[in-house]
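Notes follow once the structure below has been shown.
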Amino acid sequence: QAHLVESGGGLVQAGGSLRLSCAASGSIFSSTAMAWYRQAPGKQRELVASISSGDSTHYAESVKGRFTISREKVKNTVYLQMNSLKPEDTAVYYCHAIIDGTWGQGTQVTVSS
């Protein structure tokens, strides 16, 4: 029953912006610790950003200053605002409920040069 559904992925030019959304349902509450991961072709899945139950945020060094994780509790949705996108940001992005252990299906982000 627990579900995380990502949306907002797509193709963008380098330097552009994109906002990913992760809608939680079932027993998952977006007010708990949540995270965004990504996996590029031929690479390991990596943590991109996380937000704690107390709303403290942490970012991978590669995205710090460019990406912002946030949430809208009334919509039970977590967001990842991505600015100044680079080709190396190209990957499948996954939403993850840290405590619950549930993963979203992933959404493709492709940044062209």
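Source: prediction; values computed, not measured.
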>> I'd like to know if the side chain of Ser62 and the backbone of Ala60 have a donor-acceptor N/O pair within less than 3.5 Å.
In response: no
>> Quick check against the 3.5 Å criterion: does Asp100 have a side-chain atom that pairs as donor or acceptor with the backbone of Ala97?
In response: no
>> Enumerate the ring-ring contact (aromatic ring centres under 6.0 Å, His included) contacts for residues 73-106, please, sequence neighbours excluded, ordered by first and then second residue.
In response: Tyr37-His96, Tyr37-Trp103, His96-Trp103
> Of all residues at least two apart in sequence or in a different chain, which pass the side-chain hydrogen bond (donor to acceptor under 3.5 Å, both in side chains) check with Arg45?
Replying inline: none
Would you give me the side-chain donor-acceptor pairs under 3.5 Å for residues 11-23, sequence neighbours excluded?
| unit_1 | atom_1 | unit_2 | atom_2 | d |
| --- | --- | --- | --- | --- |
| Gln13 | NE2 | Ser112 | OG | 3.2 |
| Ser17 | OG | Asn83 | OD1 | 2.9 |

> Who are the side-chain hydrogen bond (donor to acceptor under 3.5 Å, both in side chains) partners of Ser70, not counting sequence neighbours?
Replying inline: none
> Any side-chain heavy-atom pair from Thr107 and Val92 closer than 4.5 angstrom?
Replying inline: no
>> Do His3 and Thr102 have side chains that approach each other closer than 4.5 Å (heavy atoms only, starting at C-beta)?
In response: no
> Within the distance-only criterion (no hydrogens, no angle test), does the side chain of Glu6 pair as donor or acceptor with the backbone N or O of Gln105 below 3.5 angstrom?
Replying inline: yes
>> Under the salt bridge (Lys or Arg N to Asp or Glu O under 4.0 Å) definition, can you give me all pairs with a residue in residues 103-113, not counting sequence neighbours?
In response: none
> Of all residues at least two apart in sequence or in a different chain, which pass the side-chain hydrogen bond (donor to acceptor under 3.5 Å, both in side chains) check with Ser56?
Replying inline: Ser52
>> According to ring-ring contact (aromatic ring centres under 6.0 Å, His included), does anything in residues 57-78 pair up with another residue at least two apart or in another chain? List the pairs.
In response: none
> Considering the options Leu85, Thr68, Val48, Leu80, which one meets the side-chain contact (heavy atoms from CB on, under 4.5 Å) requirement together with Val63?
Replying inline: Val48
>> For Lys43, give me all partners under side chain to side chain contact (heavy atoms under 4.5 Å, CB included), at least two apart in sequence or on another chain.
In response: Ala40
>> I want to check something: taking the side chain as every heavy atom from C-beta on, are Glu88 and Thr90 in contact at a cut-off of under 4.5 Å?
In response: no
> What's in the same ILVMFWY side-chain cluster as Val74, cut-off under 4.5 Å, chained through other members?
Replying inline: none
>> I'd like to check Val109 versus Val111 (side-chain heavy atoms, cut-off strictly below 4.5 Å). Are they in contact?
In response: yes
>> Going by the rule side chain to side chain contact (heavy atoms under 4.5 Å, CB included), which residues pair with Ser84 if we only count those two or more places apart in sequence or in a different chain?
In response: Arg66
>> To the closest 0.5 Å, what do you measure between CE (Met34) and OG (Ser53)?
In response: 12.5 Å
>> Among residues at least two apart in sequence or on other chains, which ones pass side-chain hydrogen bond (donor to acceptor under 3.5 Å, both in side chains) with Glu46?
In response: Arg38
> CE of Met82 to CD1 of Ile69: how many Å apart, nearest 0.5 Å?
Replying inline: 12.0 Å
>> Running the 4.5 Å side-chain criterion over Ile, Leu, Val, Met, Phe, Trp and Tyr, what cluster does Ile99 land in, apart from itself?
In response: Ile98
